[in-house]
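One structure coming up, written as structure tokens, with questions to follow.
Letters A, B, ... are given to chains in the order of the sequence lines, protein chains preceding strands, and every chain is numbered from 1.
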Protein chains: 2
Amino acid sequence: MPREDLARRIAGEITLSDDPGATLRKWRTDFDVSQTALAEQLDVSSSVISDYESGRRESPGIGVVRRMVEALLDIDESRGGGRIRQYARVISAGFESDIVQDLREYPTSIPLETLYEAMDATELVRGDQDRISGHTVINSIEAITRLSSEEFYRLYGQSTSRALVFTGVTRGESPLVAMRVVNPTPNAVILHGLTEDDLWEHAPALATIDGFSLAISNRDLEEMLEDLRRLP
Amino acid sequence: MPREDLARRIAGEITLSDDPGATLRKWRTDFDVSQTALAEQLDVSSSVISDYESGRRESPGIGVVRRMVEALLDIDESRGGGRIRQYARVISAGFESDIVQDLREYPTSIPLETLYEAMDATELVRGDQDRISGHTVINSIEAITRLSSEEFYRLYGQSTSRALVFTGVTRGESPLVAMRVVNPTPNAVILHGLTEDDLWEHAPALATIDGFSLAISNRDLEEMLEDLRRLP
DNA sequence: CACGGGGTTCGACGAACGCCGATATCGGAG
DNA sequence: CTCCGATATCGGCGTTCGTCGAACCCCGTG
């Protein structure tokens, strides 16, 4: 069923998009598929894909969209189904994939250091626990603007033994405050997209109070997500 | 945002459907909108709608689908937005609307009897609490076959002061067992779609142990859901 | 620098869409 | 019995889609 859920979501997004072509492209690149490969899978000329993506047809038929989506998922499946599984985790947890950018449960617990390396993160505060068994990557802006309070709870709560990664952080004030309010707290919080100079002055103190590790990272987002997916 | 989420979901379902026309019809009737009214909203002839629903065009353009969906939602909004809110509740809780058929939080708590009346239910066991402040209607078959264990937890847990209604029940064994396992338990469980004779023999005993009310109902499903929506 | 891979642009053309209006059926209201 | 709202069926017609293939661009690499 996860495949169907994801398919519906992609199809719905493309269908309602102001610019269906751009949305299609977004998903194709997200799945790491070239126009050529997609065209091959669909048994059409590669210019067809380009035409759609460039918006030459403003209202493609439903059939085209369906075929495109299925083809993308087919390709992913033939590669092992990594992307499908990744999105399935986020979706079945009930979140949008643009809010929760990744959500994983490792087969076994790993040292926090391993995560730091994958993210090229610098630790500022060392918490009580130094192993984690999963991580959640949250777009902090989207989360703060779009989540309801119950959803926050669902997202931040039940996060023991995990690391929460916040992307698009400017100072780190809101994520840290949220961690104070919520219970239980994660083992580690990693702020992404800022340098140590930008960090909110009270951040380390708050982390210390609740006993979780705090780190920051400023690596390229896409690359970082890519590496996180490969983790254990 | 709930409107957009719902719109995407409907659009996705139509786009990927084997029979887009039938799916469109399903949603239109679900929103209680006549072909004529939809056509009027879209400023087209009513035969257009009929043609689409009957499948005369096998691959309608994305634009058509978008306009249809938006029109349905516009109509609902002009009527107060009841359906949108209803689905929004289910969706933002992270479930599919065919698994969770309704999910409500009343503005104020109501006596259990009020719910019984709306469902034409017969109480078999009287629990410790006789008021509820919300209800969740769950398709028991879909739930058992499609939900993961975490999702179960999300659905059944955090259900204090609520009534859980299970539809499509044959004997009531699995819902009652699930209630034993989960914590906290709801104030009431109502099994729908069976008669007292069909009931699993141990059901009343289990309800008594956990102190929740148990009732059964065998009314027509659609009518019942309709009345539940109107509740307080 | 030539070659290949990824992508874009565009003319062309048959097929299918998008919409209309007329006609027809059917069940309920008056 | 008639009128009306809701839905279905269908011929018709202008528009757009769906697809191809050829030409072309950029960039990295042997």
Length of the line joining B:Arg66:CZ and C:dC17:C1', which is rounded to integer Å: 16 Å

Please report the distance, rounded to the nearest Å, between CZ in B:Arg57 and C1' in C:dC20. 11 Å

Without decimals, in angstroms, what is the distance between A:Ile49 CD1 and D:dC20 C1'? 13 Å

May I ask you to say what A:Ser34 touches in the nucleic acid, namely base, sugar-phosphate or nothing, with a heavy-atom cut-off under 4.0 Å? sugar-phosphate

Rounded to whole angstrom units, what separation is found between the CD atom of B:Glu40 and the P atom of D:dG5? 11 Å

Closest-nucleotide ordering on DNA chain D, the 5'-leading residue of A:Gly61 and B:Ser47: B:Ser47

Taking for A:Thr36 and for B:Gly63 the nucleotide of DNA chain C with the nearest heavy atom, the one nearer the 5' end belongs to A:Thr36

Min side-chain heavy-atom separation A:Arg9-A:Asp5 under 4.5 Å: no

Rounded off to whole Å, could you give me the CD1-to-C1' distance for the A:Ile62 and C:dC17 pair? 12 Å

If you count heavy atoms of other groups shown closer than 6.0 angstrom to CG of A:Asp43, is the number above 12? no

Could you check whether B:Ser133 and B:Arg162, counting side-chain N and O atoms only, form a donor-acceptor pair closer than 3.5 Å? no

At 4.0 Å (heavy atoms only), tell me whether B:Ser46 reaches a base, stays on the sugar-phosphate, or touches nothing. base

Using whole Å, what does the distance between atom P of nucleotide C:dC17 and atom CZ of B:Arg56 come to? 10 Å

Taking the side chain of A:Pro60 as heavy atoms from C-beta outward, which of D:dT7, C:dG7, D:dG18 is closest to it? D:dG18

Both A:Arg67 and B:Thr29 contact DNA chain D. Taking the nearest nucleotide for each, which residue is further toward the 5' end? B:Thr29

Under 4.0 Å between any heavy atoms, over every strand shown, what does A:Ser59 touch: base, sugar-phosphate, or nothing? Just pick one. sugar-phosphate

Find the distance A:Asp32:CG to C:dG6:P and express it as a whole number of Å. 12 Å

Between CG of A:Asp51 and P of D:dT19 the distance, given in whole Å, is 11 Å

Residue pair A:Arg66, B:Thr15: steps toward the side-chain hydrogen bond (donor to acceptor under 3.5 Å, both in side chains) verdict: CA-CA 7 Å; A:Arg66 179 177 34 237; B:Thr15 302; over 6 Å; no

If only side-chain N and O atoms of B:Tyr52 are considered, is one of them under 4.0 Å from the OP1 or OP2 phosphate oxygen of C:dC19? yes

Quick one: does A:Tyr87's side chain get under 4.5 Å of A:Asp30's, heavy atoms only? yes

A:Ser50 side-chain N/O to C:dG7 phosphate OP1/OP2 under 4.0 Å: no

Between C:dG7 and A:Arg28, counting only base atoms on the nucleotide and side-chain atoms on the residue, is there a donor-acceptor pair under 3.5 Å? no

